[in-house]
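Working notes, beginning with the structure itself.
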Amino acid sequence: MKRELVVTHDGPEHSEQKVVVEGPDDNGKLKIAIDGRALEVDAKQIRPGTWSIVLDGHNYLVDLDKRAGLQGKVAASVGASEAVLLVEDAAQRRLAVAAAPRKQARGETLRAPIAGKVVKVLVAVGDNVAPGTAVIVLEAMKMENELVSERGGTVKVVHKQAGQAVDTGDTLVELE
């Protein structure tokens with residue numbers, strides 16, 4: 001059996017490692033690759049949460065403790081040393097990252113869709129504009145048209161003021 005894991009340690013030296021575990025083989029040994037570095041490990045469970053591990057001829061007694069309050073993390077102890085680790089299935093993590101909501105795109109340049117005259121500027125430099133908010137009012141062919149921000153953002157530049165004539169495609173307001 002092969003499992004891909006992502007192990008994260010949030011201690012003073014934050015690290016994230018890709019761990020691939022294969023086995024056990026016919027001799028009861030595990031093949032482990034940590035960030036591509038291959039290791040052969042002889043591991044036997046002594047009791048639930050406690051393992052005897054032989055690595056490079058050295059024997060280690062490892063306690064794995066899923067303590068309450070660690071929110072899915074595991075406390076791994078070897079002798080007097082302890083590290084709190086987050087162990088995640090790599091495939092599930094990739095799915096969670098892919099399904100996570102993305103930060104909404106912000107910023108746009110509003111241009112005059114038709115020639116006309118600016119009637120009102122509804123924003124000022126520095127204003128925060130939500131998506132769907134009216135930004136400027138144009139008059140064309142005796143009709144007033146509100147131009148609305150699609151993505152929102154912070155007003156960076158207002159290029160035209162009330163009373164100014166505009167041609168099709170003129171830049172009116174820039175949001176970032």
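Numbering of residues begins at 1 and proceeds along the displayed sequence.
Residues Trp51 and Val78 fall within the same hydrophobic cluster, defined by Ile, Leu, Val, Met, Phe, Trp and Tyr side chains chained together at heavy-atom separations under 4.5 Å. Hydrophobic clustering of Ile, Leu, Val, Met, Phe, Trp and Tyr side chains at less than 4.5 Å, counting indirect connections, keeps Val20 apart from Leu86. Leu122 and Val173 are not part of a single hydrophobic cluster, where members link through side-chain heavy atoms under 4.5 Å apart.
By the 4.0 Å N-to-carboxylate-O rule, Glu40 lies close enough to Lys29 to be salt-bridged with it. With respect to Arg93 and Glu16, a salt bridge is recorded, a charged nitrogen being found less than 4.0 Å from a carboxylate O. Between Arg106 and Glu176 no salt bridge is recorded (no basic side-chain N to carboxylate O distance below 4.0 Å).
How far CG of Asp89 is from CG of Leu5: 6.5 Å, rounded to the nearest 0.5 Å. Distance check: Asp127 CG to Leu175 CG gives 10.0 Å after rounding to the nearest 0.5 Å. Taken to the nearest 0.5 Å, the CD atom of Glu139 stands 5.5 Å off from the NZ atom of Lys117. How far OG of Ser77 is from OH of Tyr60: 15.5 Å, rounded to the nearest 0.5 Å.
Across all their heavy atoms, Thr171 and Lys160 have their closest contact at O-CG, 3.9 Å. Of all heavy-atom pairs between Val148 and Leu110, the closest is O-CD2, 4.0 Å. Smallest separation of non-hydrogen atoms from Val119 and Ala162: O-CB, 3.4 Å. Gly153 and Asn128 make their closest contact through O-OD1, 3.3 Å (heavy atoms, listed as atom of the first residue, atom of the second, distance). Taking all atoms of both residues into account, the shortest heavy-atom contact from Ala43 to Leu30 is CB-CD1, 3.9 Å. Heavy-atom minimum distance, Ile114 versus Ala140: CD1-CB, 3.1 Å.
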Legend entry - Verdict with supporting geometry, Ile32 and Val19, side chain to side chain contact (heavy atoms under 4.5 Å, CB included): CA-CA 7 Å; Ile32 298 176; Val19 178; 4.0 Å; yes

Inset, instruction - Just do the side chain to side chain contact (heavy atoms under 4.5 Å, CB included) check on Ile46 and Leu61 with the steps written out, would you? - result: CA-CA 9 Å; Ile46 306 292; Leu61 191 61; 4.2 Å; yes

Inset, instruction - Take Thr8 and Leu85, measure what side chain to side chain contact (heavy atoms under 4.5 Å, CB included) needs, and give me the verdict at the end. - result: CA-CA 6 Å; Thr8 306; Leu85 309 171; over 6 Å; no

Inset, instruction - Step by step, work out the side chain to side chain contact (heavy atoms under 4.5 Å, CB included) result for Gln17 and Val6. - result: CA-CA 6 Å; Gln17 297 176 312; Val6 176; over 6 Å; no

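Residues Val7 and His9 have side chains not in contact (no heavy-atom distance under 4.5 Å, counting atoms from C-beta outward). Within the 4.5 Å cutoff, the side chain of Lys66 has no heavy atoms near those of the Leu64 side chain. By the 4.5 Å heavy-atom criterion applied to side chains, Val118 and Val137 are not counted as neighbours. With contacts defined as side-chain heavy-atom distances shorter than 4.5 Å, the pair Pro113/Leu138 qualifies. Looking at heavy atoms from C-beta onward, Leu55 lies in side-chain contact with Val41 at the 4.5 angstrom threshold. Taking 4.5 Å as the limit, some side-chain heavy atom of Ile34 sits within range of a side-chain heavy atom of Leu39. Lys18 is listed as a side-chain neighbour of Glu4, based on a closest heavy-atom distance under 4.5 Å. Inter-residue side-chain proximity for Val84 and Val74 is flagged as unmet; no heavy-atom pair is nearer than 4.5 Å.
A donor-acceptor pair under 3.5 Å is formed between the side chain of Gln164 and the backbone N or O of Gln161. When atom types are taken as modelled, the side chain of Thr50 and the backbone of Asp63 share no donor-acceptor pair closer than 3.5 angstrom. Distance alone, capped at 3.5 Å, places no donor-acceptor pair between the Asp167 side chain and the Asp170 backbone. Side chain of Glu108 to main chain of Arg151: a donor-acceptor pair is present (N/O by atom type, distance under 3.5 Å, no hydrogens or angles).
For the residue pair Asn59 and Ser52, a side-chain donor N or O sits within less than 3.5 Å of a side-chain acceptor on the partner. No side-chain donor-acceptor contact under 3.5 Å links Glu174 and Thr109.
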